[in-house]
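From a predicted model like this one, the values you see are computed outputs, not experimental measurements. Lettering of chains follows the sequences in order, A, B, ..., and the numbering in each one begins at 1.
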Amino acid sequence: MDAAFERAVLAQLLAIPPGRVSSYGVLAALAGYPRHARHVGKLLASAPEGAGWPWFRVVSGSGHIARPGTPQADYQRLLLEEDGIELGRNGRIDLRRYGWPADFMR
DNA sequence: CACTTGACGTCTT
DNA sequence: TAAGACGCCAAGT
């Protein structure tokens, strides 16, 4: 993707309040690129660890942490819990409680 | 040009 | 509610 896409997505990512989470699809839509959820994932996957981006506040639309079973998933779960986010049974996040923006998650 | 590959999402069973 | 099929779209081969 181009630089404009990256800037737009990053802006939305940084807008997520601590203690809340958003999803790839929602981020893409808010950034002005509907149906580009996979591209948001690609972007975050390539995000340098040292960039300081709150990439861990992004989960799938169903509240699942991406790529379950990988070290990355365990790490994200840790960061989220540190952020005060409780994972329900099955390692699922309740988006009705932690989702952001609230009106998007109903 | 045809086909595959994703940190995904929606609709049907 | 859970699991599968299908759809999506830019990039890579």
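The structure places CD of A:Gln76 at 4.5 Å from CD1 of A:Ile65, a figure rounded to the nearest 0.5 Å. In this structure, A:Tyr98 OH and A:Ile16 CD1 are separated by 15.5 Å, a value rounded to the nearest 0.5 Å. With rounding to the nearest 0.5 angstrom, the NE2 atom of A:His39 is 13.0 Å from the CG atom of A:Leu44.
Using C1' as the reference atom, B:dA7 and C:dT13 are 22 Å apart when rounded to the nearest Å.
No donor-acceptor pair closer than 3.5 Å links the side chain of A:Ser60 to the backbone N or O of A:Ala66.
Legend: salt bridge (charged side-chain N to carboxylate O under 4.0 Å, His left out) pairs involving residues 70-82 of chain A, not counting sequence neighbours, sorted by first then second residue: A:Asp74-A:Arg77.
Whole-Å rounding puts the A:Arg89 CZ to C:dA2 C1' distance at 15 Å. Summarising the geometry, the separation between NE2 on A:His64 and C1' on C:dG4 is reported as 15 Å, rounded to the nearest angstrom.
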Under a 4.0 Å heavy-atom criterion, the protein footprint on nucleotides 7-13 of chain B, written with B, S and -, is BBS----
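In this structure, A:Val26 and A:Pro101 have side chains that are in contact, with non-hydrogen atoms separated by less than 4.5 Å.
Between A:Asn90 and A:Arg35, the one whose closest nucleotide on DNA chain C sits nearer the 5' end is A:Asn90.
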